[in-house]
Amino acid sequence: TTRTPLFLGLDVHNSGLFPETGPSSNVVVGVLDTGIWPESKSFSDEGYGPIPPTWKGGCDAGTKFTTSLCNRKLIGARFFVRGYEAINGPVDESKESKSPRDDNGHGTHTASTAAGSVVEGANLLGFANGTARGIAYRARVAVYKVCWKTGCFASDILAGIDKAIEDNVNILSISLSGSRTGYTDDTAVGAFAAMERGIFVSCSAGNNGPFYSSVANVAPWITTVGAGTLDRDFPTVVILGNGKNYMGVSLFSGDALPPKLLPLVYAGNASNNATYGNFCISGTLIPEKVKGKIVMCDAGGNPARIGEVVKAAGGLGMILANMAYEGEEILADAFLLPATTVGKKAGDIIRHYILTDPNPTASIVIKGTVVNVQPSPVLAAFSSRGPNPITPNILKPDLIAPGVNILAAWTGAQGPSGLESDTRRVEFNIISGTSMSCPHVSGLAALLKSVHPEWSPAAIRSALMTTAYNTYKDGKPIIDIATLKPSTPFGHGAGHVSPTTAVNPGLIYDLTTEDYLGFLCAMNYNSSQIRIISRGNYACDPSKTYSVADLNYPSFAVNVDGSDTYKYKRTVTNVGGAGSYSVKVTSETTAVKISVEPAVLNFKEVNEKKSYSVTFTVDSSKPSGSDSFGSIEWSDGKHVVASPVAISW
Amino acid sequence: NGAQQGTYIVHMAKSQMPSSFDHHFLWYDASLRSVSESAEMLYTYNNSIHGFATRLTPEEADSLMTQPGVISVQPEQRYELH
């Protein structure tokens, strides 16, 4: 990626935090996705040492993919297709590569985000130019192609995880999800097995935001990653005939519009479809009414495809107006004609201008790439939200990372818009989603693993969470672009990742397999369900009282169910030097009182463990659907170990 | 037999493998054969889960569920990229 390493503080003056040589290049990031484009410069192995001796993986040959395409960077490339073929019939090898080769682009993008090699002069059609590199650019990459044209099937996913564990990856990056029925779901079960082998599993939280309780991949042994923006944008200016200007976003890079105002028409008035004409659906625009004009379409489908429809009807340019669903979140698109997306507010004004002015005109100016955009990060509207739909007393998502307009490597089999008609071929593409934020965290986990090889997956997650930030440098809270108001822990979890502090978190909340099994007992899972997940003979102890509240999680969620008092227990492990940690609690309303015992924890040596208990006293009469937030922070003056608190009635 | 086949994920209690089998893959295969002569074993799993993936009709799936050592027979889910 370009820009993200700098945005995350991983640039040159912090390179000492994560030494480039030695252990960092022995960490293997496994990516379950659509495969890989091995010719990409992001998988060059120039300057890499021999493959780590612990590595047991390899490369599968197949359509347009020989094992020689693997190297000391791309050390694993496998594909799993039996589940897909069982349903769809044999792969049509004229359309899809029955091999690890990525025909889609998604897998190449995520793998290079997590651990791509350094590539100078990377850009998309001139946009976002810079030095591209993966978050853990010295780590090795192993890809497991489990996603095909019509989707990703559980039997293939489980086979990919099965092999990744056997191959001995250290990190597993999974940017997909299915239904959210429980922890016996296949990826949750596979992730449990990986966690047991010390493999850190990060998953995308899903793109169903900003809807309440829309978060996916919520198993507590998975790190669930939401998406935020970078400090980079691709602005445009829409100039109207009445002299007013409005900002938009675009990645169009072809011939600009003529430097004059052009006739402007609203698709709803230039269509043969009274009901949906405003969405510029294929075949609904009347060429005589749009030819040589700029067409305003309402958002509702694939932006590039909408642009394609306007272009085919003879339109010179397009203004795509967000509707209520997209609001002010404007994702960049590689349009095939001079076009821009504008937010709902601007869209409503421009639409009103068109419908009231006797001779509406406009022009679109593409401004290119700008950086140091503030405020940033903001929480992406599409980023799925809590509360956790399966266990409301475990806060999810865990944290957020860059996931909007991310440039990373791309396939040579598709154009940047993904449209069949897009014959352009690019080495890098800019796309958005929690699929992009997840591999950022996978890469960060690889960096932490290289510096702290003894840390468990839970310890890595804890370090990333307790050091995440949820305010800007000026102290103001991170904004949620869906509401233009402060984001909450149901949106950003513990906050935005901060790798430079995560490497030295002070205290960590560790968890073992046994702890997670105790959690399943607390969830009243029966012996069969526990056996599915544990693959062993573990049984809950009938003499023990299990509680979700006792799962040693680095955050707190309380689902008020009538009682006024809720007790949680936590144990922290000292991974910094000796120190005396004092607690500070905050609560945004008097309806929630938080007390912590003891208020001071004194540590003399590394790996010393101390426990504390938290009592939440809540006004249980608050109306259902209310939320309240706060925090519990421990500090020794050098480290701040922060945990969010989310209370929901 | 015309009945609609589907892909199922079968979770097995590996520790319950009868001593007559040398390898749990052989036991899985025998369990599957007991409900269908023709069912295809798509995958056997050893690390992510204990069990296998296969194509069955709903009736065969129900019947497999009654076999010793079978913990669950779940219809395969489809997942989507984010």
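Chain naming here is simple, since letters A, B, ... match the order of the sequence lines and numbering starts at 1 in each.
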Heavy-atom pairs under 4.5 Å with chain B, option from Ala193(A), Cys203(A), Cys147(A), Ala159(A) with the top count = Ala159(A)
ask   = Relative to chain A, which segment of His11(B) carries a heavy atom at a distance below 4.5 Å: side chain, backbone, both, or neither?
value = side chain
ask   = Does any heavy atom of chain B fall under 4.5 Å from the side chain of Thr34(A), the backbone, both, or neither of them?
value = side chain
ask   = Between Ala86(A), Ser527(A), Ser155(A), Gly190(A), which residue shows the highest count of heavy-atom pairs closer than 4.5 Å to chain B?
value = Ser155(A)
query = With a 4.5 angstrom heavy-atom cut-off, which part of Thr184(A) approaches chain B: side chain, backbone, both or neither?
reply = both
inquiry  = If I measure from the heavy atoms of chain B, does Asn208(A) come under 4.5 Å with its side chain, its backbone, both, or neither?
reply    = neither
key: Between Phe192(A), Phe153(A), Phe382(A), the one whose heavy-atom pairs under 4.5 Å with chain B are most numerous   = Phe153(A)
Between His24(B) and Asn46(B), a side-chain donor and acceptor under 3.5 Å = yes
inquiry  = Is Asp186(A) close to chain B through its backbone or its side chain, or both, or neither, when contacts mean heavy atoms under 4.5 Å?
reply    = both
request  = Against chain B, work out which of Asn537(A), Leu158(A), Thr434(A) has the most heavy-atom pairs shorter than 4.5 Å and name it.
outcome  = Leu158(A)
request  = Against chain A, label Glu40(B) side chain, backbone, both or neither, depending on which of its atoms sit under 4.5 Å from a heavy atom there.
outcome  = neither
ask   = Is chain B contacted by the side chain of Asn217(A), its backbone, both, or neither, given a heavy-atom distance below 4.5 Å?
value = side chain
ask   = Once you round to the nearest 0.5 Å, how far does OH of Tyr28(B) lie from NE2 of His50(B)?
value = 6.0 Å
message = Strictly distance-based, threshold 3.5 Å: is any side-chain N or O of Gln77(B) a donor or acceptor partner for the main-chain N or O of Ser179(A)?
response = yes
remark   = Looking only at Leu176(A), Asp162(A), Ile165(A), most heavy-atom pairs under 4.5 Å shared with chain B are made by Asp162(A)
task = Specify which of Ile174(A), Asn207(A), Ile157(A), Ile161(A) makes the most heavy-atom pairs with chain B at under 4.5 Å.
result = Asn207(A)
message = I'd like to know if Arg82(A) pairs up with Glu85(A) as an ion pair, taking the criterion as any Lys NZ or Arg NE/NH1/NH2 lying under 4.0 Å from an Asp or Glu carboxylate oxygen.
response = no
note = Ala194(A) and Leu172(A) have their tightest heavy-atom pair at CB-CD2, 4.3 Å
message = What part of Ile9(B) gets within 4.5 angstrom of chain A, counting heavy atoms only: side chain, backbone, both, or neither?
response = side chain
request  = Using distance alone, with no hydrogens and no angle criterion, decide if Ser202(A) and Ser442(A) have a side-chain donor and acceptor under 3.5 Å apart.
outcome  = yes
task = Taking Trp148(A) for its side chain and Lys98(A) for its backbone only, find out whether a donor-acceptor pair lies under 3.5 Å.
result = no
query = Would Glu76(B) and Arg78(B) count as a salt bridge (Lys or Arg N to Asp or Glu O under 4.0 Å) if you check the C-alpha gap in whole Å, the side-chain angles of each, and the deciding distance to 0.1 Å?
reply = CA-CA 7 Å; Glu76(B) 176 182 55; Arg78(B) 184 177 163 279; over 6 Å; no
ask   = Have Ser435(A) and His106(A) got a donor and an acceptor in their side chains that come within less than 3.5 Å?
value = yes
